[in-house]
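Worksheet: the structure to be examined is printed underneath.
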Amino acid sequence: MSKNNYDFNTVEEKWRKFWEKEKIYKFDPSSNKKIFSVDTPPPTISGRLHMGHAFGDAQQDFFVRFKRMRGFNVLNPFGTDNNGLPTLKLVEKEKKVDSRKMKREDFIDLCNKVIHEEFIPMFLDGVKRLGISADFDLFYSTIDKRSRKISQKSFLDLYKIGREYRLEAPALWCPNCQTTIAQMELEDKEVKSSFVDIVFKVDGKNLIISTTRPELLPASVAMFYHPKDKRYKHLKGKNATVPLFNFEVPILEDERAEMDKGTGIAYCATFGDQTDMEWQKIHKLPIKEAITLDGKMTSIAGEYKGMDIKDARRKIINDLREKKLLLNEKKIIHIVNVCERCGTEVEFISHKQWFVKYLDLKKDMLKWGKEIKWHPRYMRQRYNNWIHGLKWDWCISRQIPFGIPFPVWYCKNCDEVILAKEKDLPVDPVEDKPSVKTCPKCNCKEFIPEKDIMNTWATSSLTPTIIHDLLKDTKISSKIKNKPMDIRRNGQDIITFWDFNTIVKSQLHYKINPWKELYINGWILGRDGHKMSKSRGNGISPDDVIKEWGADVLRYLSSSVKPGEAVAFSDKELVAGKKFITKLLNASKFVFMNLEDYNGKKPKKLEKIDELFLIKLNNLIQEATNYFEIYEFSKAKAEIEKFFWQIFCDNYLEIIKKRIYNEKGDKRISAQYTLYQSLLAMLKMIAPLMPFIAEEIYQGYFKKTQKDKSIHLSNWPEKMGVKGKTETFDLMIEVISKVRQKKSKAKKAMNSEIILTLEKKQADKLKSVVDDLMAVTNAQEIKSGRFKVEFV
RNA sequence: GGUCCCGUGGUCUAGGGGUUAUGACAACUCGUUUACACCGAGUAGAUCGCAGGUUCGAUUCCUGCCCGGACCACCA
């Protein structure tokens, strides 16, 4: 450890390899220690570890390491999410293929290969560099065989208890690519369009509505105005006649109609947009399809049948104009959703999809959320708001080739659902034969496999089940079965998906909550205070930070943020972390320079100032422990760092310096004992936050005299056996500080000799530490009187 | 649009009814002293976003507003 050049790259690699080789973080299923179980958040693998992952993982590691040192048998497996669309898109990009032009089977093979040979190892490398203390032998991927089986079994179980149903529902459809697409595959695009005012008739009078999509007129099913809108109140219950097509639709009230948009009254076509679909569902309106799968008008469009959407729109506008049913036409530019691959405006189509029925459980959901301890507490409101806003059951069908298939076939004749047998799981219905030879209902012998796959969340909401399955053959299996795990940690952005879905699934399957506590990690913004994103170009890669500053420093930054809050990326904080490490190294060097002859024993009697300092340390241990217990790492860090720097380095070390240089016997041993114990305690409290430097100092200095193989297997510091008030210590610091002030004002060196005059009251209080006071201030003599510093 | 969080020296930040308002970075002055100049000591720098209210007393609690951020939703 030469001065001024701590080679963190070498040091961190050394300890990383040591931890891995010695299996320091291996979970021991046969241990009798109390278990602390952590539900691993499987990050979506869409490239290398990014800053968001690093930040969250680091915070999880803070409490994982803390709990381990507190004596728990920590169950901290590691998983990755390699399911569904993000993986599909990454494979397409990296391997330059188009999943739509490949055989489903070939594409799935390719995905599996790339995931296991490239994505996971690359990601894990990043995680390990950060010093994450997970048990990587307890590993799962959300696409591996185990997960597929569990996910499909979950589907079967929910179906059997009547929690799943199949229903025609709108799906996003690209008329050009001829496929359903996911929301993630949409892009916003500005397009020129016309906002036209057209005339409906009610009781022979004109009723004007504004729309950008007049071609959907033949699919009109209703008109809507806002319940508070007096202009239209008198129309309630009446019918309006649709122009050109001459059929009637009811006029209804709904809060989703915006009074100041257009004329304040809108027409609803079943699959016009999201609102239209909500109206259709809630007001139980008929479904009318105006557009075919290849983007042409259907037969309900009458004379416009077979035309392209845009041609039909133009012709309808013209025809309306001719018939004087078009009053106004405004050219506008608005944003529409287009397919990211071909730029075509997307439409909604009707498609049979699977749903998990849970809308009836809103009250229970709120109750379940309340039973979990949230950190920070206010984050539960995100969960509550989500539940209050739920309008649909959970659609778990996704129309993409890669993911976990539904274990389902349908009878070709009567559409009867044929479930896979549990013992055959996992199945791919496209590849595998159905579980029956003939349809139990109609005796038909032909079956159609379900080609859709299950939404990623349908699987990643099962991580507690997957983790339990990883341990199913071990002694502890029964201990953790049907019990909530201790904690899950994740970002605030997935409370509504992941946390929510996991709670729901756990309750539906096991009637328990998945975990007792939920920690929402603080997160990091770019240097500009905005979320890191490609479009802003403000992204920072954890790899680069680790290379330049070391993993400990990045972790130091992660420990600066409060639970659930955001901080901007701060280079200053990196500098502070680096300086902290340097200071730790130097202080440790000083301590052990003076411990060469130390036998590890307690002195017969502690010097007063040493005792007082240890009481101070006790207070810190208490405080830091409390903060770690409630996941307030930034506060723990601040307290530990402040104590180490200001009390230990700036004052205590200065105070005992001369004693330890010059004295022999018990006075020296007292200081040695105090130095050894306090540095070890501080180091242990730093270990969860900055594990590399803590291990480096532990192994370099303490290992000789400590039994634990690694500091990370050692016990969290206990309070020293000292008690009492610390006013004398504080007064001592105050006097030292005043003397320093005088010396500085007089432009003298800090070690210049003085004669110190103290008020009698103060002098009396400091009697027990007077030798150390004289030493640290370099006072030849202490007189009584008004406070004064005289230079000799 | 809804919800939540935040606003404290130049910058970042701690605190949370009565404090001398914490610390870091930057600035300035001084200091080579057997851990550390990637250091130490000291100095200056803050009407605690704005306006009301509660209170003997508000930076802290309440209400409204403004600013920044995030999440969710929406865009006929």
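Below, chains carry the letters A, B, ... as their sequence lines are ordered, and counting in each starts from 1.
Using a 4.0 Å heavy-atom distance criterion, A:Phe195 is classed as a sugar-phosphate-only contact. As judged by a 4.0 angstrom heavy-atom cut-off over every strand, A:Phe580 is placed among residues making no nucleic acid contact. The residue A:Asp650 sits close only to the backbone: its heavy atoms come under 4.0 Å of sugar-phosphate atoms, none of a base. At a threshold of 4.0 angstrom between heavy atoms, the contacts of A:Met750 include nucleobase atoms, whether or not backbone atoms are also involved. Looking at heavy-atom distances under 4.0 Å, A:Lys657 makes contact with a base. A:Cys268 comes within contact range of no nucleotide atom at all, as no heavy-atom separation falls under 4.0 Å.
Comparing B:rA76, B:rA73, B:rG31 against the side chain of A:Ala266 picks out B:rA76 as the nearest. When each of B:rC38, B:rA76, B:rA70 is scored by its nearest atom to the side-chain atoms of A:Trp279, the top-ranked nucleotide is B:rA76. Listed candidates were B:rA41, B:rC36, B:rC4. Nearest to the side chain of A:Ser744 is B:rA41. Closest contact between the side chain of A:Arg740 and the listed nucleotides B:rU33, B:rG42, B:rC72 involves B:rG42.
OP1 or OP2 of B:rC25 has at least one side-chain nitrogen or oxygen of A:Lys579 nearer than 4.0 Å. Between A:Lys747 and B:rA41 there is no side-chain N or O to OP1 or OP2 distance below 4.0 Å. The phosphate of B:rU3 (OP1 or OP2) has no side-chain N or O of A:Gln381 nearer than 4.0 angstrom. Within the 4.0 Å cut-off from OP1 or OP2 of B:rA41, not a single side-chain nitrogen or oxygen of A:Lys748 is found. Checking the phosphate oxygens (OP1, OP2) of B:rU43, a side-chain nitrogen or oxygen of A:Gln741 falls inside 4.0 Å.
Here B:rU34 presents its C1' atom at 17 Å from CZ of A:Arg659, a figure rounded to the nearest Å. Counting to the nearest Å, the P atom of B:rC4 and the CH2 atom of A:Trp374 are 15 Å from each other. A:Lys745 has its NZ atom 13 Å from the C1' atom of B:rC30, to the nearest Å. When the P atom of B:rC4 is taken as reference, atom CG of A:Asn384 falls 11 Å away, rounded to whole Å. Distance, A:Leu390 CG to B:rC72 C1': 11 Å, rounded to whole Å. The separation between A:Gln492 atom CD and B:rU3 atom C1' is 12 Å, rounded to whole Å. For the pair A:His530 NE2 and B:rG68 C1', the interatomic distance rounds to 8 Å; values are reported in whole Å. If you take CG of A:Asn385 and P of B:rC71, they are 15 Å apart, rounded to a whole angstrom.
The aromatic rings of A:Phe633 and A:Phe62 lie perpendicular to each other, with more than 60° between the two planes, well past the 30° mark. Using cut-offs of 30° and 60° for the angle between ring planes, the A:Tyr358 and A:Trp394 rings count as parallel.
Relative to the six-membered ring of A:Phe644, A:Lys583 misses at least one condition, a distance below 6.0 Å or an angle of at most 45° to the axis.
Checked against the 6.0 Å centroid threshold, A:Phe55 and A:Trp523 do not count as a close aromatic pair. Ring centroids of A:Phe224 and A:Tyr232 are separated by 6.0 Å or more, keeping the two rings apart. Note: A:Tyr676 and A:Phe702 meet the aromatic proximity criterion, with ring centroids under 6.0 Å apart. Outside the 6.0 Å centre-distance limit, the rings of A:Trp457 and A:Phe500 are not counted as a close aromatic pair.
Position along RNA chain B of the nearest nucleotide to A:Thr496 versus A:Cys649 favours A:Cys649 as the more 5'-ward residue.
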Sugar-phosphate or base contact per nucleotide [nucleotides 6-23 of chain B; S, B, -; heavy atom under 4.0 Å]: -----B--SS------SS

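Inspection of the A:Asn778 and A:Lys658 side chains reveals an N or O donor paired with an N or O acceptor under 3.5 Å.
Among A:Lys637, A:Arg527, A:Lys579, the one residue that satisfies the salt bridge (charged side-chain N to carboxylate O under 4.0 Å, His left out) test with A:Glu573 is A:Lys637.
The pairing partner recorded for B:rG64 is B:rC50, the criterion being a Watson-Crick or G-U wobble arrangement whose two distances lie under 3.5 angstrom. The nucleotide B:rG2 finds its pairing partner in B:rC71, both defining distances of the Watson-Crick or G-U wobble pair being shorter than 3.5 Å.
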